[in-house]
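Chain A is the first sequence line, chain B the second, and so forth, proteins listed ahead of strands; every chain is numbered from 1.
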There are 2 protein chains.
Amino acid sequence: MSNHAHDHDCPGCSSPDLAFSRHDHAHCAQDVLARADAIAEENGVRLTPVRRRALEILLESHRAMGAYDVLQRLAADGFGNQPPVAYRALEFLVEQGLAHRIRRLNAFAACMHPGEDHAPVFLICRGCNAVAEAQAAPVRAALDAAAAAIGFSVERANVEALGLCPACKEAAA
Amino acid sequence: MSNHAHDHDCPGCSSPDLAFSRHDHAHCAQDVLARADAIAEENGVRLTPVRRRALEILLESHRAMGAYDVLQRLAADGFGNQPPVAYRALEFLVEQGLAHRIRRLNAFAACMHPGEDHAPVFLICRGCNAVAEAQAAPVRAALDAAAAAIGFSVERANVEALGLCPACKEAAA
DNA sequence: CCTTGACCTGTTATGATATAACATACATAT
DNA sequence: ATATGTATGTTATATCATAACAGGTCAAGG
Ligand SMILES: [Zn+2]
Ligand SMILES: [Zn+2]
Ligand SMILES: [Zn+2]
Ligand SMILES: [Zn+2]
């Protein structure tokens, strides 16, 4: 599963839902970034400075960011400040499976499971705006079954759920 | 299930997937429209001329239409030709469960099962652009289970799959 | 009757998201 | 060194969506 080796507990590598839990996020982000480097190498593509920086920006929190927000951050770091700069970096990340596009939010989020083949299912908290990637296999299986029943072949799917995370649910109560 | 009564076979009322099948679409659309009238009555809201016309336009095919396309059609029929005219009519239809918003396409499609409580799952054919609403219950159950496993409560969900319908699959082969 | 208030329609204006097209720079391979 | 593919940057424009306000309709209550 995880293609990096270190001894200590690595929540980012085991738990699918840490977006909603308190955790060592610096470690979490570092870990994903390291895996991203490895994946780029493997795939024979270049994780150039803008692209890497865009990923770092997405990794600052478990939230989705709009392209223009990412752009603003990139520009502040000395990169170009026109929309294609952000869109191209984000597009690259999505193509390489390093980020996901959340259509419901017109926004992008870093993938927390890069390299693992996964049809993502997103849980979006309307309280704190955190986005988690949930266990998708059963959902995808149900979807494939429903589609197959009428002869439809699913190639790509978005599953995006809006609701409340445990913390926000408790806060609301 | 179906809240209208007529004797003959009514594919629109039984089959979930007729978007991809040849069928008597005039009947199909008429039927939905009649149910829409009934639903508006029930809900104590008004299916005014613009709103009804917008629904008719969506019902012309089993495809999603962008708000601006709907607007153009409405304007041609003598209604206002500014974006809010279309967006408001569409918003009304969505609120009343008479249409769905397909986020992946930035577009809207008539609901083929108005009045039936259903969390929709959309199957979007990339060949012919038809959009079908599939059996969603198992998908939704899987999603709820995955969410519950990490304490997340799903309030609303979009499930949108892109792929090939039976006809386009055959055509491609 | 006629006023009030809710709601629907329409307009102007602007905001937010996304891409096309082209120019320049950089990498790598002959 | 030159050619080739790829990456970055810019200008301009396309596409999608909403805020804010003005006028019209209609039914309920005075
Ligand atoms: Zn984290
Ligand atoms: Zn939350
Ligand atoms: Zn039909
Ligand atoms: Zn098709």
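Here D:dT15 presents its P atom at 12 Å from OH of B:Tyr87, a figure rounded to the nearest Å. Summarising the geometry, the separation between CD on A:Glu91 and P on D:dT8 is reported as 12 Å, rounded to the nearest angstrom.
For A:Glu60, the side chain to side chain donor-acceptor pair (under 3.5 Å) criterion is met by A:Arg73, not counting sequence neighbours. For A:Val50, the side chain to side chain contact (heavy atoms under 4.5 Å, CB included) criterion is met by A:Thr48, A:Leu74, A:Phe79, A:Val85, not counting sequence neighbours. Annotation: side chain to side chain contact (heavy atoms under 4.5 Å, CB included) contacts of B:Arg103 (sequence neighbours excluded): A:Arg103, A:Arg104, B:Arg101, B:Asn158, B:Glu160.
The hydrophobic cluster containing A:Leu105, built from Ile/Leu/Val/Met/Phe/Trp/Tyr side-chain heavy atoms closer than 4.5 Å, also comprises A:Ile102, A:Phe122, A:Ile124, A:Val131, A:Leu162.
Among pairs with a residue in residues 125-173 of chain A, those fulfilling ring pair (Phe, Tyr, Trp, His ring centres under 6.0 Å) read A:Phe152-B:Phe20, at least two apart in sequence or across chains. Residue pairs satisfying the side chain to side chain donor-acceptor pair (under 3.5 Å) criterion with at least one member in residues 163-172 of chain A, sequence neighbours excluded, are listed as follows: A:Lys169-B:Ser153. A side chain to side chain donor-acceptor pair (under 3.5 Å) check over residues 77-93 of chain A, counting only residues at least two apart or in different chains, returns the pairs A:Arg53-A:Asp77. Pairs passing the ring pair (Phe, Tyr, Trp, His ring centres under 6.0 Å) check and including a residue from residues 39-68 of chain B, sequence neighbours excluded, read B:His23-B:His62, B:His25-B:His62.
Residues B:His100 and B:His113 keep their aromatic ring centres 6.0 Å or farther apart.
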Tabulated below should be each protein N or O lying under 3.5 Å from an N or O of nucleotides 21-29 of chain D; please produce it.
none

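Proximity of A:Leu90 to A:Leu58: side-chain heavy atoms (C-beta onward) are separated by under 4.5 Å at one or more points. B:Arg126 is listed as a side-chain neighbour of B:Leu164, based on a closest heavy-atom distance under 4.5 Å.
Remark: A:Phe79, A:Gly80, A:Asn81, A:Gln82 in residues 62-82 of chain A come within less than 4.0 Å of DNA chain D through at least one heavy atom. For residues 93-108 of chain B, proximity to DNA chain D is found at B:Arg101, B:Asn106, defined as any non-hydrogen atom under 4.0 angstrom from a strand atom.
When DNA chain C is scanned 5' to 3' for any atom under 4.0 Å from a heavy atom of chain B, the first and last hits are C:dC8 to C:dT12.
By the 6.0 Å contact criterion, CD on A:Glu56 is enclosed, its count of non-hydrogen atoms from other residues, nucleotides or ligands being greater than 12. Environment of CD in A:Glu41: sparse, with no more than 12 heavy atoms of neighbouring residues, nucleotides or ligands closer than 6.0 Å.
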